[in-house]
**Q** 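Please read through the structure below; I'll follow up with questions.
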Amino acid sequence: MMRNASELKYGEKVRIDTLNTKHPSCRRILEIGFTPGQEIELVNKSLFNDPLAFSVRGTIIAIRKNEAECIIVS
């Protein structure tokens, strides 16, 4: 079942399958460490689910929900 990182539940750990390269934020997402094969965990959501905070490579990175939609996970 393919879904994107914006659909994760709090505390859920997944592995990044690929990135939607047609998304305007794809390059930025790659540059900050969201790369295919990397394990990520949703560690915090704001009140209205935007932004979302993910644990990636031992650090916590907050990104907008629309940016998280370009991260395809399994």
Side-chain angles (χ1 to χ4, degrees):
M1 176 174 92
M2 300 299 269
R3 55 194 177 130
N4 62 51
S6 69
E7 300 168 354
L8 297 180
K9 292 177 178 36
Y10 180 79
E12 191 173 358
K13 286 185 182 180
V14 294
R15 191 163 303 279
I16 299 174
D17 281 340
T18 188
L19 296 175
N20 177 359
T21 56
K22 294 181 178 12
H23 194 281
S25 299
C26 180
R27 176 171 289 209
R28 176 173 134 42
I29 293 300
L30 271 169
E31 289 171 352
I32 60 176
F34 291 88
T35 55
Q38 190 64 44
E39 185 176 88
I40 62 172
E41 177 184 0
L42 181 62
V43 294
N44 206 354
K45 287 184 175 185
S46 67
L47 186 60
F48 298 105
N49 292 334
D50 199 10
L52 303 169
F54 294 93
S55 174
V56 181
R57 300 177 186 261
T59 191
I60 302 210
I61 300 174
I63 60 175
R64 294 182 187 99
K65 186 175 182 177
N66 72 348
E67 293 173 326
E69 289 171 355
C70 83
I71 303 169
I72 310 303
V73 299
S74 60

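All residue numbers refer to positions in the sequence shown, counting from 1.
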**Q** Taking all heavy atoms of R28 and all of E67, pick out the closest pair and write down the distance.
**A** NE-OE2, 3.1 Å
**Q** How many angstroms lie between CZ in R64 and OG in S6, if you round to the nearest 0.5 Å?
**A** 14.5 Å
**Q** Considering non-hydrogen atoms only, spot the tightest contact between L52 and A68 and give its length.
**A** CD1-CB, 4.0 Å
**Q** Between CG of L47 and NZ of K45, what distance do you get to the nearest 0.5 Å?
**A** 12.0 Å
**Q** Counting C-beta onward and ignoring hydrogens, is there a side-chain heavy-atom pair between I63 and I32 closer than 4.5 Å?
**A** yes
**Q** Please report the closest heavy-atom contact between L19 and I29, naming both atoms and the distance.
**A** CD2-CG2, 4.1 Å
**Q** Measure the shortest side-chain to side-chain distance between R3 and V14 over non-hydrogen atoms and say whether it is less than 4.5 angstrom.
**A** yes
**Q** Which atoms form the tightest heavy-atom contact between C70 and C26, and what is the distance?
**A** SG-CA, 4.1 Å
**Q** Is there side-chain contact between I71 and F54, with heavy atoms separated by less than 4.5 Å?
**A** no
**Q** Determine whether a donor-acceptor pair (N or O, by modelled atom type, separation under 3.5 Å) exists between the side chain of Q38 and the backbone of T35.
**A** no
**Q** For E12, is there an ion pair with K9 - N to carboxylate O distance below 4.0 angstrom?
**A** no
**Q** CD1 of I72 to CG of D17: how many Å apart, nearest 0.5 Å?
**A** 8.5 Å
**Q** Same cluster or not: are L30 and V56 linked, directly or through other Ile, Leu, Val, Met, Phe, Trp or Tyr residues, by side-chain heavy atoms under 4.5 angstrom apart?
**A** yes
**Q** Looking only at atom types and distance, does a side-chain atom of D50 sit under 3.5 Å from a main-chain N or O of K65, one as donor and one as acceptor?
**A** yes
**Q** Working to the nearest 0.5 angstrom, can you tell me the gap between S55 OG and N44 CG?
**A** 12.0 Å
**Q** Mind checking what makes side chain to side chain contact (heavy atoms under 4.5 Å, CB included) contact with R27, not counting sequence neighbours?
**A** E31
